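One structure below.
This is a predicted model, so every value here is computed, not measured. Only heavy atoms go into these numbers, but all of them, side chains included; no hydrogens, no water, no symmetry mates.
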Amino acid sequence: MPSKYMCPGTSMKRYREFKTSQETEIWSIFWIWPTRQVCWSSCVLDRTSVLNGKWVDCQRGYFKSQTSYCALQTQVKHAPMTLFKMYIFMPIICFLPDYLQAVSNWLAVLLPKVKPWLYVNGGNIITVQVENEYGSYYSCDYNYMRHLRTLFRFFLGEDVILFTTDGNTDKEMICGTLEGLYATIDFGTDTNITEAFARQRRFEPRGPLVNSEFYTGWLDHWGDQHAVVDAQKVSRVLGEMLTMGANVNMYMFEGGTNFGYWNGADHDTRFRSVVTSYDYDAPLTEAGDPTEKLLAIRDVIKQFREIPSGPMPPATPKFVYGFVTLQKVGDISGLLNTLSPLGPIKSQYPITFEEVKQYYGYVLYRTTLPQNLSEPTPLISPLNGVHDRAYVSVNGVFQGLLERDTVLVMNVTGQQGDTLNILVENMGRVNFGSKINDYKGLLSNLILGKDVLTDWKIYPLDIDGAVTGGWPHANSRKSDPAPRREPTRGPTFYMGTLQPNGLAWDTFLKLNEWTKGQVWINGVNLGRYWPARGPQQTVFVPGPLLSTTLPNNITVLELEGAPGHLRVLFMDRPQLDITPKKL
């Protein structure tokens, strides 16, 4: 993009010029695959990365996740574990010495790597966001904000524009802004934009109007309806903002995927986990394909500036690879030598994921039944201490589950001394609001009948390490000549292979009649599936993950119950909007 379309230069003199500028800019964010750069540029969007609290981990030609430390809807990632632990163990972000030291140590590494890429140094980072919606939290700690401002200025210099963004209320703007950090605001399509920008202007009397997060769609939670924001409403509000001369950063412009365990969660009246797909009903889909919303946005933008001629690039090709029948590997309790090679941690009472240094994924808690239970006996989580889902088995027989906020009691039968296994799943940490100190695992005692369960063996599970190392496929070629087709109830691994056909195109994996679990392709964790709850029914498989010449390994951890057919299907289109009727 020509320099006249970039933000003004950022010396202190130019900072003042920036604050008095009324030129309309269309801010762009994040990262772009080469084929998607054309779609972006066809809307006159600059191919620029804006560092605003969000980072990307690119691996093997695809985007591993859209994750951030301070932003909405995603797990904490990329910060060192010391910072992560401070984040979890403190009730809210504020001016506490240990936390600030960890922040300082991290930024002392990160920001010097950023500095060469600043716009004033010939790079493509035009502004740097210091905090994201800090005003949403009750801390309202200006010393914390001053500390961040000092760090960013020390490492990046005086010539870069630093900014904050906060929600459209006085309280959020009061607590999230600070002198010397340009104050911007964020809102979606259901907002009176005149009032919103008037609020920004009260906190930033001069300079451009900026909506730093214009919501083109919204995220989904498991069990909810698929979120959709009307394309005409998005384009209309965009047009109104540009008519005012405002600057607009679209969140999201392109959808993405919460690969692995990075989906995160919200907690309002109850815990709600975000789905694997972050399609977001964005102008570009999860797979990077153009939509009618993109065309509508483009039609608005061309009213304000010239856009490239020619048609919009088509969607990338997808392929129906068809059905693959899987085979059973084994139930999780029989695979602990592989999945937990260091063995268990012994504790009189349950301890959390964080205490065993297992920050994501799964942990297996094991004890024995203290007495004979010939009749169904309640297993109770009296303090809602299961975070987030627990799959309960006795002597390898699946008995049922406990779930945070919703299922606090289930019945168990068995004999004294029988092995009680409780596999606990971290369904994603709360990452917005007052409940972000979201511990995982068994946070309190479980009661069986009248007995408090004690004498636990706790197994942190390194499933991803095993799968990345070739398990279970490498082992099966050595020792299991007879495939096992029968399904099993309870947490069980299954495996299969998608044979190569010379193509490595994007595809979508549908696990029809499977219940809930995790799926890997060629050692890469694609994320969670939960068709029984919806609305997401397919999991995105980027083409670069697939081999054109070698068998593609499929690994599935089914947590509740697999279908008798044990088939999975590779489709050429997503299904993101089917929510089964609640039982």
Salt-bridge contact [X]-[Y] (side-chain N to carboxylate O under 4.0 Å):
{"X": "Arg389", "Y": "Glu560", "value": "yes"}
{"X": "Arg429", "Y": "Glu354", "value": "yes"}
{"X": "Asp388", "Y": "Arg404", "value": "yes"}
{"X": "Lys440", "Y": "Asp438", "value": "yes"}

Looking only at atom types and distance, does a side-chain atom of Lys510 sit under 3.5 Å from a main-chain N or O of Gln575, one as donor and one as acceptor?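 Absent.
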Go through the side-chain N and O atoms of [X] and [Y] and say whether any donor and acceptor fall under 3.5 Å apart.
{"X": "Glu254", "Y": "Tyr280", "value": "no"}
{"X": "His221", "Y": "Asp266", "value": "yes"}
{"X": "Glu172", "Y": "Ser136", "value": "yes"}

Neighbour count >12 (heavy atoms, 6.0 Å) for atom CD, Glu375: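 For Glu375, atom CD is not crowded (no more than 12 foreign heavy atoms under 6.0 Å).
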Can you find a heavy atom in the side chain of Thr164 that is under 4.5 Å from one in the side chain of Met145?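 SC-SC contact between Thr164 and Met145 confirmed.
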Any side-chain heavy-atom pair of Met252 and Asp279 under 4.5 Å: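 Met252 vs Asp279: side chains apart.
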Just jot down the side-chain contact (heavy atoms from CB on, under 4.5 Å) partners of Pro350, sequence neighbours excluded, or say none.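 Checked Pro350 against side-chain contact (heavy atoms from CB on, under 4.5 Å); matches are Tyr365, Leu442, Asn445, Trp456.
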What residues form a side-chain hydrogen bond (donor to acceptor under 3.5 Å, both in side chains) with Asn384, not counting sequence neighbours?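 In terms of side-chain hydrogen bond (donor to acceptor under 3.5 Å, both in side chains), with neighbours along the sequence ignored, Asn384 is linked to Asp405.
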Measure from NZ or CZ of Arg528 to the centre of the six-membered ring of Tyr261, then state whether that distance is under 6.0 Å and the direction lies within 45° of the axis.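 No cation-pi geometry.
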